[in-house]
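Keep in mind that this is a model prediction, so the values were computed, not measured.
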Amino acid sequence: MTTEIDPKFLGAMVGSALGDAVGYLAYKYQKRGDLLEKIHSVERLTYTADTVMAVAMAETLIQNGGIDTRKLGDNFLKHFANKPWQRQGAEPPEIYRIVEREGIDYIYAARRLFEGEGSYGNGAAMRITPLGLFYYQSDEIYEQAQKSAEVTHTHPVGIDGAAVFAKALASTVAMKPQRPFSPQAFIDMLMEFTRTDDIRDKLVMIPGLLDQQVAPEMAVKKLGNGVKASESVPMALFCFLRYPHSYLESVLCAITHGGERDTMGIMAGALSGAYLGIDSISSEWRDKLEDIRHLEALARELSALAPGPATPSQ
C-alpha cells in the first residue's frame, strides 16, 4: 500500500531543491529571459550544497524521529564525503576537520568559528525546510531549530534566522491558498517569534515595502540578500509575500537580483511550494530535477512521521 504524499510537503521539498538549482544557474544567467531559456534547454537541474544538507536533515529526522545533533552532524559529514567538495561551503568542512581530528562534539567545533562568536550566516536556514515540515504543528519548533542550527551555526542571529524561517515554513503548511491572506499578520507572527533585533529590524520593514509595491531590486537595498541570515531570510520572505500565488515569480524574485542566489532560491522555493503545493510548480522543471524520487520519498516519510500538536496535560 502506497501512502499518498501531502502536496504541501512535496511542494516544499521539491520546490526548495528546484529553487536551489535554478538559483545556481542564475549566477551565470542573470537576466530573466536568458535564465528561463537555459532552464528550458538543460537536461538536468542539479542542486547545490544547500539541498545536500537539507536531504541530510530530512534523513536524520526520519531515522531518529527528531533532531540528534551528533547524528545530524555525522550525516552532514557522510554526505560531504559522498559529494564533490564544491557542494558545501567553507564552514562545514572546517568543522568536520576539527571533529575528526579532535573527536569533539560538532557544537563545540562550531563555536570556534569566527573568533569564537560562531557563524551568523544563512547556512542553518538554507537546510531547515525538512524540520519546518516535520515540526509544523509543534510548539517546540524554535528549540528544535536551534538544536539543528548549532551543529554548524552557534551565533544567535544564525540560530534565529533558521528558527524564524522554520516557523514561516510551518505556518505556510497550515495555510490554505484559497483563503484571504494577510502579509501583515504573517509578519507580526514572526516578529513575536524572533529572538534577535537583527532579524526583527528587517521583518518590520517588509509590510511597508509590500504596501508600497516596492520593486524587488529596491527591496534588496533595504533588506539585503547576502550571506547573513538577517539579510537573506527577510528577503526570501519578502519575495514569497510579494508573489504569494506564483511559485515562478516568487523564485525569480529571490534569485535574479544578486546576492546568495541559490540560498535565496531554496528558501523562496520552499515557502512558495509549501503554501501552493506541488501542482504550482512547472512539471517541466520537476521532470529535470536531480534525485526527485528521493526527495518525494523524504516528503512522504516526513508527512507520515510528523508529530501532531501537544495535548494539554490533565
Side-chain angles (χ1 to χ4, degrees), residues 50 91 110-111 113-129 131-132 141-146 148-150 152-172 175 181-244 250 253-272 275:
D50 296 16
E91 295 158 26
R111 286 174 181 164
L113 299 180
F114 303 100
E115 299 180 348
E117 293 188 0
S119 175
Y120 53 67
N122 54 30
M126 74 185 185
R127 67 187 187 228
I128 207 162
T129 291
L131 186 143
I141 193 168
Y142 197 106
E143 289 70 28
Q144 297 300 326
Q146 178 171 348
S148 79
E150 287 178 333
T152 55
H153 291 65
T154 57
H155 191 285
V157 173
I159 292 168
D160 200 43
V164 167
F165 185 78
K167 180 65 173 179
L169 183 73
S171 299
T172 63
M175 293 163 60
F181 178 45
S182 170
Q184 180 69 63
F186 189 80
I187 293 299
D188 286 347
M189 174 269 298
L190 295 177
M191 287 181 61
E192 291 183 8
F193 185 77
T194 184
R195 299 181 184 180
T196 66
D197 290 339
D198 297 66
I199 303 289
R200 186 178 293 105
D201 290 347
K202 293 293 181 69
L203 292 177
V204 74
M205 298 181 191
I206 295 176
L209 295 173
L210 294 169
D211 288 344
Q212 298 167 32
Q213 297 186 334
V214 169
E217 55 267 28
M218 297 304 296
V220 166
K221 295 181 179 180
K222 295 286 188 179
L223 302 174
N225 60 358
V227 70
K228 295 179 181 178
S230 56
E231 295 182 358
S232 51
V233 170
M235 186 61 197
L237 289 166
F238 169 85
C239 287
F240 164 61
L241 296 171
R242 181 75 166 78
Y243 302 101
S250 180
C253 170
I255 68 177
T256 57
H257 299 96
E260 291 275 294
R261 296 174 189 262
D262 50 346
T263 300
M264 294 296 302
I266 200 172
M267 291 193 288
L271 289 168
S272 186
Y275 179 56

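Note that CE of Met218 is 4.5 Å distant from NZ of Lys221, once rounded to the nearest 0.5 Å. Between atom CD of residue Gln184 and atom CG of residue Leu241 there is a gap of 10.5 Å, rounded to the nearest 0.5 Å. Here the straight-line distance linking atom CD1 of Ile141 with atom CG of Leu131 works out to 6.0 Å at 0.5 Å rounding. Separating the CG atom in Leu237 from the NZ atom in Lys202 is a distance of 12.0 Å, to the nearest 0.5 Å. With rounding to the nearest 0.5 Å, the separation of NE2 in His155 from CG in Asp198 is 7.0 Å. Atoms CD and CD1, on Glu231 and Ile199 in that order, are 10.0 Å from each other to the nearest 0.5 Å.
Under the ring pair (Phe, Tyr, Trp, His ring centres under 6.0 Å) criterion, the residue pairs touching residues 192-238 are Tyr142-Phe193, with sequence neighbours excluded.
Ala268 and Ala236 get closest at one heavy-atom pair: N-CB, 4.2 Å. Nearest heavy atoms, Ala124 versus Gly158: CB-O, 4.1 Å. Here the shortest heavy-atom pairing between Pro216 and His257 reads CB-CE1, 3.4 Å. Scanning all heavy atoms of the two residues, the minimum distance from Ala219 to Val214 falls at N-CG1, 3.7 Å. Nearest heavy atoms, Cys239 versus Ala254: SG-N, 3.4 Å. Looking at every heavy atom in both residues, Gly161 comes nearest to Val233 through O-CG2, 3.8 Å.
For Glu217, there are no salt bridge (Lys or Arg N to Asp or Glu O under 4.0 Å) partners, not counting sequence neighbours. Residues that satisfy the side-chain hydrogen bond (donor to acceptor under 3.5 Å, both in side chains) test with Thr263, not counting sequence neighbours, are Asp50. Applying the side-chain hydrogen bond (donor to acceptor under 3.5 Å, both in side chains) rule to Ser232 yields the partners Asn122; only residues at least two apart in sequence or on another chain are considered. Residues passing the side-chain hydrogen bond (donor to acceptor under 3.5 Å, both in side chains) test with Thr196 are Asp160, sequence neighbours excluded. Residues that satisfy the salt bridge (Lys or Arg N to Asp or Glu O under 4.0 Å) test with Asp197, not counting sequence neighbours, are Arg200.
Ring geometry for Phe240 against Tyr275 counts as perpendicular: the plane angle is over 60°, on a 0 to 90° scale with 30° as the lower cut.
At least one donor-acceptor pair closer than 3.5 Å links the side chain of Ser171 to the backbone N or O of Lys167. A donor-acceptor pair is defined here as one N or O able to donate and one able to accept, closer than 3.5 Å; such a pair exists between the side chain of Arg127 and the backbone of Ser148. A donor-acceptor pair is defined here as one N or O able to donate and one able to accept, closer than 3.5 Å; such a pair exists between the side chain of Asn225 and the backbone of Gly258.
Residues Pro234 and Ile206 meet the side-chain proximity criterion, which asks for heavy atoms closer than 4.5 Å.
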Between Leu210 and Ile187, does a side-chain contact (heavy atoms from CB on, under 4.5 Å) hold up when you go through it step by step?
CA-CA 11 Å; Leu210 294 169; Ile187 293 299; 5.7 Å; no
Run the numbers on Val157 and Lys228 for side-chain contact (heavy atoms from CB on, under 4.5 Å), then give the verdict.
CA-CA 8 Å; Val157 173; Lys228 295 179 181 178; over 6 Å; no
